[in-house]
Amino acid sequence: MYRIFSIMGALMLAASLAGCGQGSEEVLPDEVLTEDLQNGAGREQADNGGDIASSSFFSEYTGKMEHIHGLGYAGNQDALFFAAHDGLKVYEDGNWFQTKKENNDYMGFSATDDGFYASGHPGQDSMLPNPLGIIKSRDNGETLEGIVLEGETDFHTMAAGYQNHILFVLSPDDNSLMAAGGFYRSSDNGQTWGRVSAGNLEDKVMSLAVHPKNPDYIAAAGSKGIYLSQDGGESFQQIFDEMQGTAVHFSEKHLWYGSFNGDAFLVKRSLDDGTEEEVELPPLEQDAVQYFAQNPKNENELAFVTFKANIYRKAADSNGWEQLAEEGFLKRNKTEK
């Protein structure tokens with residue numbers, strides 16, 4: 001088990017270091033926010049039927065996907081969003097797109113029905129403070145609203161409920177609101193925060209998830225397994241302890257979790273009775289599920305990203321996985337390595 005954990009630990013560490021290079025630099029808080037950012041202007045509801053292709057904010061993407069820090073169906077669209085160190089990438093109707101501006105190093109990315117929450121560091125073209133604290137967008141990333149702790153903290157381990165917008169974070173350091181190593185929760189879009197006990201969650205937590213509707217359900221993936229809270233994060237039960245946990249994700253009726261013991265696993269667990277079903281994965285060579293998403297508009301459409309930047313999607317009308325990227329290279333644009 002220790003040898004296996006070392007393998008995954010190395011993968012996680014490499015992904016973390018490569019994906020947040022600015023984190024090793026001196027943080028220079030920037031208190032200059034644009035008027036639009038302060039007032040939240042331009043934050044239209046993003047439920048627009050998935051018309052990324054027609055948006056002037058996006059252009060065709062043909063590059064290599066690297067340092068992916070989250071994915072999800074942001075804004076209740078049929079488009080799949082990927083958060084990367086150089087901005088958002090979007091897969092829609094078989095085509096890839098990238099943002100033209102605000103190409104930020106997004107961390108802690110959490111898709112919601114009206115957009116997404118994220119943290120990280122600003123890109124070269126951004127006027128946002130460094131680090132970002134917690135930000136939110138309601139228009140596919142074009143407008144970014146500062147929520148809290150701008151210029152203070154970069155949250156790598158963060159989750160938001162898809163519909164209830166409950167925020168749940170692990171604070172990596174001391175800041176003006178939080179103590180290092182503490183778990184905190186907000187139910188009012190980050191205006192106020194309360195520390196939760198997180199009892200029995202004595203582990204190195206890699207991933208968090210909040211139930212889309214029920215604010216009591218919180219899940220965590222750690223080096224010793226998978227944990228589930230049914231009281232808003234005050235206490236956790238270890239529901240799986242046989243191997244390393246790698247990913248957690250809630251749908252309305254299920255908890256999906258990834259694990260690794262030399263082989264990768266994906267499990268679908270009923271929230272009603274705890275029964276579990278192993279989901280067949282494509283062959284993964286010393287790799288595992290790092291981020292997982294299910295389309296809220298069609299529960300049969302699934303997607304996941306691995307630690308080695310392999311991307312797979314299962315269409316709603318398909319029984320098999322389609323590989324969208326191999327070690328970051330888009331399948332339709334893959335060139336010689």
Side-chain angles (χ1 to χ4, degrees), residues 1-19 64-72 80 82-84 91 109 156-157 159 203-209 219-228 238-251 254-270 274-295 299-315 318-331 334 337:
M1 175 62 77
Y2 290 104
R3 182 184 68 84
I4 293 167
F5 174 64
S6 295
I7 293 171
M8 284 308 299
L11 284 172
M12 291 177 176
L13 181 60
S16 176
L17 292 178
K64 180 186 178 184
M65 293 279 284
E66 294 183 290
H67 315 320
I68 302 169
H69 302 138
L71 82 161
L80 187 58
F82 297 79
Y91 181 80
F109 179 85
H156 288 206
T157 310
D203 201 345
K204 180 176 177 59
V205 175
M206 308 296 181
S207 179
L208 292 169
S223 62
K224 301 175 184 177
I226 303 297
Y227 302 81
L228 177 64
Q238 189 171 8
I239 61 173
F240 179 77
D241 62 1
E242 297 179 14
M243 61 189 79
Q244 158 104 36
T246 62
V248 281
H249 175 84
F250 280 108
S251 56
H254 296 91
L255 170 63
W256 302 72
Y257 67 83
S259 59
F260 180 83
N261 70 347
D263 294 315
F265 296 89
L266 178 64
V267 173
K268 178 182 178 182
R269 178 187 177 93
S270 170
T275 56
E276 296 188 341
E277 172 189 351
E278 184 179 335
V279 179
E280 184 176 0
L281 291 172
L284 298 175
E285 185 70 26
Q286 284 298 302
D287 202 4
V289 177
Q290 185 178 18
Y291 302 107
F292 175 86
Q294 181 186 43
N295 188 344
E299 64 180 13
N300 294 319
E301 181 177 332
L302 312 173
F304 70 88
V305 174
T306 75
F307 287 89
K308 293 184 178 180
N310 291 300
I311 302 173
Y312 290 88
R313 174 179 173 269
K314 181 181 287 187
S318 172
N319 293 321
W321 294 98
E322 173 191 8
Q323 188 169 15
L324 302 183
E326 181 180 351
E327 295 188 5
F329 289 95
L330 306 186
K331 293 294 285 186
K334 185 180 176 184
K337 300 180 186 180

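In this view, Phe109 and Phe116 satisfy the ring pair (Phe, Tyr, Trp, His ring centres under 6.0 Å) rule, not counting sequence neighbours. For Ser318, there are no side chain to side chain donor-acceptor pair (under 3.5 Å) partners, not counting sequence neighbours. For Glu276, the side chain to side chain donor-acceptor pair (under 3.5 Å) partners two or more places apart in sequence, or in a different chain, are Tyr257, Arg269. Not counting sequence neighbours, the partners of Tyr227 by the side chain to side chain donor-acceptor pair (under 3.5 Å) test are Asp203. Applying the side-chain contact (heavy atoms from CB on, under 4.5 Å) rule to Ala247 yields the partners Val289; only residues at least two apart in sequence or on another chain are considered. Applying the side-chain contact (heavy atoms from CB on, under 4.5 Å) rule to Ala325 yields the partners Ile311, Leu330; only residues at least two apart in sequence or on another chain are considered. Residues forming a side chain to side chain donor-acceptor pair (under 3.5 Å) with Trp321 (at least two apart in sequence, or on another chain): none. With sequence neighbours left out, Thr306 forms a side-chain contact (heavy atoms from CB on, under 4.5 Å) with Leu284, Asp287, Phe304, Lys308, Asn310.
Interatomic distance, CD of Glu299 versus NE2 of His254, reported as 8.0 Å (0.5 Å rounding). In this structure, Leu266 CG and Glu277 CD are separated by 9.5 Å, a value rounded to the nearest 0.5 Å. If you take NE2 on His249 and CG on Leu255, they are separated by 9.5 Å, rounding to the nearest 0.5 Å. Taken to the nearest 0.5 Å, the CZ atom of Phe307 stands 12.0 Å off from the CD1 atom of Ile68. Remark: Tyr312 OH to Glu326 CD distance equals 7.0 Å, nearest 0.5 Å. Atom OG of Ser259 and atom CE of Met243 lie 4.5 Å apart (nearest 0.5 Å).
The backbone N or O of Val305 sits nowhere less than 3.5 Å from a side-chain atom of Gln290 that would complete a donor-acceptor pair. At least one donor-acceptor pair closer than 3.5 Å links the side chain of Gln238 to the backbone N or O of Lys224.
Looking at His156 and His69, their side chains never come closer than 4.5 Å, going by heavy atoms from C-beta outward. Counting heavy atoms from C-beta outward, Gln244 and Met206 have side chains that approach closer than 4.5 Å.
Nearest heavy-atom pair, Lys64 versus Glu327, reported as atom, atom and distance to 0.1 Å: CE-O, 3.2 Å. Contact between Ala219 and Val248 at its shortest, heavy atoms only, is O-CG2, 3.9 Å. The minimum heavy-atom distance between Gly320 and Lys314, with the atom names listed, is O-CG, 3.5 Å. For Glu66 against Ala84, the heavy-atom pair with the smallest separation is O-CB, 3.8 Å. Looking at every heavy atom in both residues, Phe260 comes nearest to Gln286 through CZ-OE1, 3.9 Å. The shortest heavy-atom contact between Gly258 and Ile226 is O-CD1, 3.9 Å.
Counting heavy atoms of neighbouring residues, nucleotides and ligands inside a 6.0 Å radius, atom CD of Gln323 exceeds 12 of them.
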(message) Quick one, Leu302 with Trp256, criterion side-chain contact (heavy atoms from CB on, under 4.5 Å). Give me CA distance, side-chain angles, the key distance, then yes/no.
(response) CA-CA 11 Å; Leu302 312 173; Trp256 302 72; 4.1 Å; yes

(request) Quick one: do Leu71 and Tyr91 satisfy side-chain contact (heavy atoms from CB on, under 4.5 Å)? Show the steps, please. (result) CA-CA 11 Å; Leu71 82 161; Tyr91 181 80; over 6 Å; no

